[in-house]
Amino acid sequence: MFVKASLIALALALYTVASPVVEGLGTRIPFDRRDGMTTADGWFDHLRAIQQVVRDRNKHRQNMINLERNMGREAFNDGAEIKPVANYSAPPQKRQAEKLVDEGGDEYWAGTVSIGTPAKSFLIDFDTGSADLWVPSVNCTSSYCSLKNKYNPGSSSTGAHKSGSFLIQYGDGSQVSGPVYTETVSVAGITVKDQYFSPVNTISSSFGSQADDGLLGLAYPAISNLHQSPFFNTAKSQGAVKNGVFGIKLAKTGSELFLGNTDSSLYSGSIEYHTVKGAGFWQIGGASVRVGSQTPVSGFQTIIDSGTTIIYGPPNAVKTFYESIPNSKVYDQTNGFYSFPCNAVPSNVGFNWGGKTWNISAANFNFGMVSATDCIGAIAGQDLGLGSNVWLLGDSFMKNVYSAFSFDSNAVGFAQLK
């Protein structure tokens, strides 16, 4: 396993700015979209939104535990801390006569990954906000695993059991946990050997209802629970990809992960890149949030996280932001959600890092109705423990841009979607 010194060495290597990011050949992985925050009839799915908040809080709680163990607290952002496990509690029914029906929206983005020899296929969430790969094991007897594809180490000639264990705790008392293995892993023809992953024996209820089988993290090794190189970093070190760059398009149709470069057929103009700050996350600084010509909050850090739909900011900063949205008000103080008039959904909210302002469409900003007149915004006030001046931008932001992530140049960039 990596020791702390080797993780620091790897992080330093990744943080060395290489030649400018280039465009060229890469490998496409189509994405399927997953459950969202809006029901089929246009109402805000409050229950699912709270489940997402709890899941995000616990995911990043584990990320901070991993970061402390791998790099030490000196790698924390100012004001960052390891939060207690977040617990889930159902919201009061505000529309008791209205049955909530979920038809599937944009909460998660998944594609196919093959593991083992012979290869077995899994439908996997690709998550820029975590750094490990896990799938269900044949030893998972929970009902949550019953409909999922499962890895059988006894059926693969390339799997090897390693010491250690994998564990993430969730607020409903459940967990994702299992042993540690190395295995041959392929994503759209990009194959790596001896990739560390966990075939988990237990799965949280928060994953049980989803069609996908597991998760593949695309963040930096510093937040790996397994203390190991994530899949894409392994692919670069083994020469399976030439460039340590990947691009993401998230949309209703045509969503794609492009490994080894960016897909210039999906965006116009050049990519506006910004240097990654800190350790572990795809974090860029000097950000401001705009509402038309107003700049209610500025000078903060942002983490780009495809593993959530929600955009999070510190509660006081989000309160200040919504003061620029006419007639907005607190809807759910505990989970940080605000409402605004449905007949005036803002289409001029955007984020800026010193270059272009990247706006969020009205459709992506609106999480749905909570009454005949009020709707919920995609920006929520929540302290995830990531730092006192850190926002986390999920796919409600990413769906409006083409996003590029470069380990080679240690940068995140955005471009205009075609």
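Side chains included, hydrogens not; waters and symmetry mates left out as well; all remaining heavy atoms used.
The aromatic rings of F397 and F351 sit perpendicular to each other, their planes meeting at more than 60°, with 30° as the lower class boundary. Relative orientation of the F407 and F246 rings is tilted, given thresholds of 30° and 60° on the angle between their planes. Ring orientation note: the planes of Y181 and Y151 are nearly perpendicular, at an angle over 60° on the 30°/60° scale. Taking the six-membered ring where tryptophan is involved, the planes of H60 and F281 are tilted, since the angle between them lies from 30° to 60°.
The ring of Y331 has its center closer than 6.0 angstrom to the ring center of H46. You'll find the ring centres of F44 and F337 inside the 6.0 Å limit.
Looking only at atom types and distance, the side chain of Q169 has no donor-acceptor partner in the side chain of Q175 under 3.5 Å away. Side chain to side chain, T234 and Q195 meet the donor-acceptor criterion of an N or O pair below 3.5 Å. S186 and T191 form a side-chain donor-acceptor contact under 3.5 Å, judged by distance and modelled atom types alone. Counting only N and O atoms by type, the side chains of N58 and Q62 include no donor and acceptor under 3.5 Å apart. When only modelled atom types and interatomic distance are considered, S403 and W282 share no side-chain donor-acceptor pair under 3.5 Å. For the 3.5 Å distance criterion, the side chains of Q238 and D194 fail to qualify, holding no donor opposite an acceptor. Side chain to side chain, T308 and D56 meet the donor-acceptor criterion of an N or O pair below 3.5 Å.
In this view, D383 and K83 satisfy the side-chain hydrogen bond (donor to acceptor under 3.5 Å, both in side chains) rule, not counting sequence neighbours. Scored by the side-chain contact (heavy atoms from CB on, under 4.5 Å) test, N348 finds V291, P346 as partners (sequence neighbours excluded).
Inter-residue side-chain proximity for I284 and Y273 is flagged as unmet; no heavy-atom pair is nearer than 4.5 Å. Side-chain atoms of P221 and P230, non-hydrogen and from C-beta on, do get closer than 4.5 Å to each other. At least one side-chain heavy atom of V113 sits under 4.5 Å from a side-chain heavy atom of L216. Within the 4.5 Å cutoff, no side-chain heavy atoms of N364 are placed close to those of N366. Taking 4.5 Å as the limit, some side-chain heavy atom of W391 sits within range of a side-chain heavy atom of V318. Looking at heavy atoms from C-beta onward, I82 lies in side-chain contact with E68 at the 4.5 angstrom threshold. Within the 4.5 Å cutoff, the side chain of D408 has heavy atoms near those of the K236 side chain. With contacts defined as side-chain heavy-atom distances shorter than 4.5 Å, the pair F166/L226 qualifies.
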Residues Q416, V401; criterion side chain to side chain contact (heavy atoms under 4.5 Å, CB included); working and verdict: CA-CA 6 Å; Q416 184 70 46; V401 298; over 6 Å; no

Pair L215-L133, side chain to side chain contact (heavy atoms under 4.5 Å, CB included): steps then yes or no: CA-CA 6 Å; L215 185 145; L133 169 62; over 6 Å; no

Chi angles and distances behind the side chain to side chain contact (heavy atoms under 4.5 Å, CB included) call for L250, K399: CA-CA 5 Å; L250 302 180; K399 285 184 291 183; 3.8 Å; yes

Steps toward side chain to side chain contact (heavy atoms under 4.5 Å, CB included) verdict (N87, V54): CA-CA 7 Å; N87 294 304; V54 171; over 6 Å; no

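A donor-acceptor pair under 3.5 Å links the side-chain atoms of S224 to the main chain of Q228, judged by distance alone. A donor-acceptor contact shorter than 3.5 Å links the side chain of D127 to the backbone of G307. Put simply, the side chain of D305 never gets that close to the backbone of L393: no donor and acceptor are under 3.5 Å apart. Judged by distance alone, with hydrogens and angles left aside, the side-chain atoms of S306 form a donor-acceptor pair with the main-chain N or O of T128 at under 3.5 Å. With hydrogens and angles disregarded, a donor-acceptor distance shorter than 3.5 Å links the side chain of D332 to the backbone of N335. For T262 (side chain) and S264 (main-chain N/O), no donor-acceptor pair under 3.5 Å exists by modelled atom type. For R48 (side chain) and T38 (main-chain N/O), no donor-acceptor pair under 3.5 Å exists by modelled atom type. A donor-acceptor contact shorter than 3.5 Å is absent between the side chain of S130 and the backbone of D132. With hydrogens and angles disregarded, no donor-acceptor distance shorter than 3.5 Å links the side chain of Y338 to the backbone of A378. Side-chain atoms of S137 come within 3.5 Å of backbone atoms of N139 as a donor-acceptor pair (strictly under, hydrogens ignored).
Considering OG1 of T112 and CD1 of I29, their distance stands at 10.0 Å, rounded to 0.5 Å. Here the straight-line distance linking atom CH2 of W358 with atom CZ of R290 works out to 13.0 Å at 0.5 Å rounding. Taking CD of Q52 as the reference point, atom CZ of R57 lies at 13.0 Å (rounded to 0.5 Å). The CG atom of N410 sits 13.5 Å away from the NE2 atom of H274 when rounded to the nearest 0.5 Å. We find the OG1-CZ distance between T309 and F367 to be 6.0 Å, quoted to the nearest 0.5 Å. A distance of 8.5 Å separates CD1 of I303 from CD of Q301, quoted to the nearest 0.5 Å.
Among all heavy-atom pairs drawn from S396 and N400, the shortest one is O-ND2, 2.7 Å. Among all heavy-atom pairs drawn from L67 and F76, the shortest one is CD2-CD1, 3.9 Å. Between A235 and I190, the closest heavy-atom pair is CB-CG2, 4.0 Å. Across every non-hydrogen atom of T302 and A287, the tightest pair is CG2-CB, 3.6 Å. Residue Q382 comes nearest to T334 through the heavy atom pair NE2-O, 3.6 Å, listed as atom of the first residue, atom of the second, then distance.
No salt bridge links D213 with K150; every basic N to acidic carboxylate O contact stays at or beyond 4.0 Å. Residues K148 and D212 are not paired through a salt bridge, judged by the lack of any N-O separation under 4.0 Å between the basic side chain and the carboxylate.
Residue pairs meeting the salt bridge (Lys or Arg N to Asp or Glu O under 4.0 Å) criterion with at least one partner in residues 351-367, sequence neighbours excluded, do not occur; the list is empty.
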